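Data first, discussion second: the structure below is written as structure tokens.
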Amino acid sequence: MKSVIDCRGVSRTYADDGVPVRALQGVDFQVAPGEFVSLAGPSGSGKTTLLNIIGALDKADEGLVFLDGVDLAPLSASELSDLRLHRIGFVFQSYNLIPVLSARENVEFIMQLQGVAPRERAERAHDVLARLGLADMADRRPGELSGGQQQRVAIARAIVTNPSVLLADEPSANLDSATTEELLNLLRRLNEDQGVTIVTATHDPLVMSYARRRVQLKDGAIVHDESV
Amino acid sequence: MASQTVRLPLSLLARLSVRNLIRNARRTVLLLASVAVAVASVLVTASLIRGFQDDLADAVVVNLTGHLQVQAPGYRDDPGIDHRFELEAGWQRALDGLPVAGWASRIRVPAVIMSERETRGMTLVGVDAQAETISFLASASYRGEPLVDVNDRRVIIGEALADSLKTDVGRRLVLMAQGPDGRSREAGFRIAGVYDADGTALEKNFVFTGRTRLHELLETDAITELSVRLDDSGQLPAANAALASVFQQQRVFTWQELEPQAAAMYAYADLGIFIWFAIMMAALIFGLINTLVTAVMERVRELGMLRAVGMRAAAVVSQVVIESAVVMCLGVVLGVLIASLLLNFWLVDGIDLSQWAQGAEMVGMRSHLQPKVMLSDTVFISVLSVVVGVVASLYPARQAVRRSPLEALRAD
Ligand SMILES: Nc1ncnc2c1ncn2[C@@H]1O[C@H](COP(=O)(O)OP(=O)(O)O)[C@@H](O)[C@H]1O
Ligand SMILES: [Mg+2]
């Protein structure tokens, strides 16, 4: 089957205070539709860098990156922006939501950017919030929600557009283990029941244990890749 | 892709802008207040200056000039009977449909007063007292009486002239003037009244008599000037064109051309409005830019997230610009409200300048200044304020997208 993500020989070097830091070196990495992949590895191993490159937020210095078969290299800033809008769902470690918008509005605005009609927007936002058990909290602002609830709203926003892939960088970083487990059950359900392709980056063993494929990074290179 | 990306999701941007303004209510109120005060002060200043300009124009127009004056070519450089003209029947039709307050035709010639004490030059004007409702002759105060009509055979003179000639109401004056044939004529006139024209140059030099009387003396039917006064000075260009089309052999002057000094002062007063506007806006801009930069800095990560998930940089820039425009629009509305409260209550009776009356009179003002609100000023100042707000927001807006989305997300 065709890959959602296809990285070939990807390298990324940061010039940190003049000293070049090789965050990724020659990474080959493919993800097929419907996979639930966890990028694992110690801090500084390049997980975030790889996720950012896959998510079209950062560019590889060397190598090729294809998303749904589209080569990212030649795309302009606004083309990349559109690509992120339509094909990728992001769940960030923190600061995911807009504080002045309600949960519903936080889910709706991304569809507003896409040009979805108001009625369809409202329906889809309502559906996804209900599915994630947030129906009662739709009108609350992020400040009135717990960390776990906020992260669920962020997932609602990320999947409401039916992206090709959901990218989550350290999604459990600010959550306790009970809440993390709820979140992981949710991700597993989305993956198994709705076929959402998920790639997470984490150093949390709990998160890794939920993924069906674990990719181990070390010093910017993939050292281990196993499916369970 | 199922749907088309919206480049500028305006309703979303407007919502974000307004919500952020509400979230920082204190800051927003402060900003609104300063915009409102600045706009109100410019509006009040503008209406005071408009009032002053009206006074200035009235004062000039009333001094025989009129809004428009028709003269024979050459009269301006050499005012005398050699440059005369006659009114053709039906010329008034040119002014049909225009807001004309009145018109008066006059014959104005240099003359010499001969008294026991001295012989001196002055200007003798033959007028139709009934047509002179358009000039100061109708409103001046008199000792004795004013002229009654076009056939009046008496003269009126100014207080200053009466003083220097040591003459008064009821006494006689001998005047000498040249007719069109070049011959000098001399006649005696009884002084009907002495007028007080508030220290203008007129008082010293102008003697008035009935126009028919002067025609008889000089043996002519011609006039040297036709003054037209309008009810609405805004129609001046139209009236000017209308007169010019009838009096093709003559010259038509506006009051600005006849009184260039007053006209210059009038124009400088316009400039005054702009200078005050510029000062107020300059003061405002610093606060505005400062506040917007702070607002952008506080939201670096939020804006980074928006761009990371696919909001275009242009939309993020627009959000900041819209925020500024919203504040400016609200501030302008408040400012207009404040200004109209001030003008309708505090300044409704105008300002009494009698303390400075002497100085004021010198520059053509009355001792009472009545503000005059002009819709065009209000609209112009309001629109320009919003434009200033938008321009001022460009730098902070630029700051909002200076970093890449990743850098912005990572910022602390
Ligand atoms: N913006 C950056 N500037 C300089 N160095 C960076 C930057 N981002 C990441 N790095 C470096 O790249 C390496 C990989 O980082 P990262 O991808 O964040 O690792 P991980 O997410 O696995 O902890 C680290 O050595 C890190 O210091
Ligand atoms: Mg990381």
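Worth saying up front: this structure is predicted, and the values here are computed from it rather than measured. Chain letters run A, B, ... following the sequence lines, proteins first, then strands; residues in each count from 1.
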Between A:Q112 and B:S11: side-chain donor-acceptor atoms closer than 3.5 Å: yes
Heavy-atom contact with chain B under 4.5 Å, split by part of A:I88: neither
Distance-only donor-acceptor check, side chains A:Q151 and A:N174, under 3.5 Å: no
Listed partners of B:F277 passing ring-ring contact (aromatic ring centres under 6.0 Å, His included), at least two apart: none
B:S404 versus chain A, the contacting section by heavy-atom distance below 4.5 Å: neither
Interchain contact, A:F90 with chain B, by part (heavy-atom threshold 4.5 Å): side chain
Summary of side-chain hydrogen bond (donor to acceptor under 3.5 Å, both in side chains) pairs that have at least one residue in residues 32-49 of chain B, sequence neighbours excluded: B:S41-B:W276, B:T45-B:W276
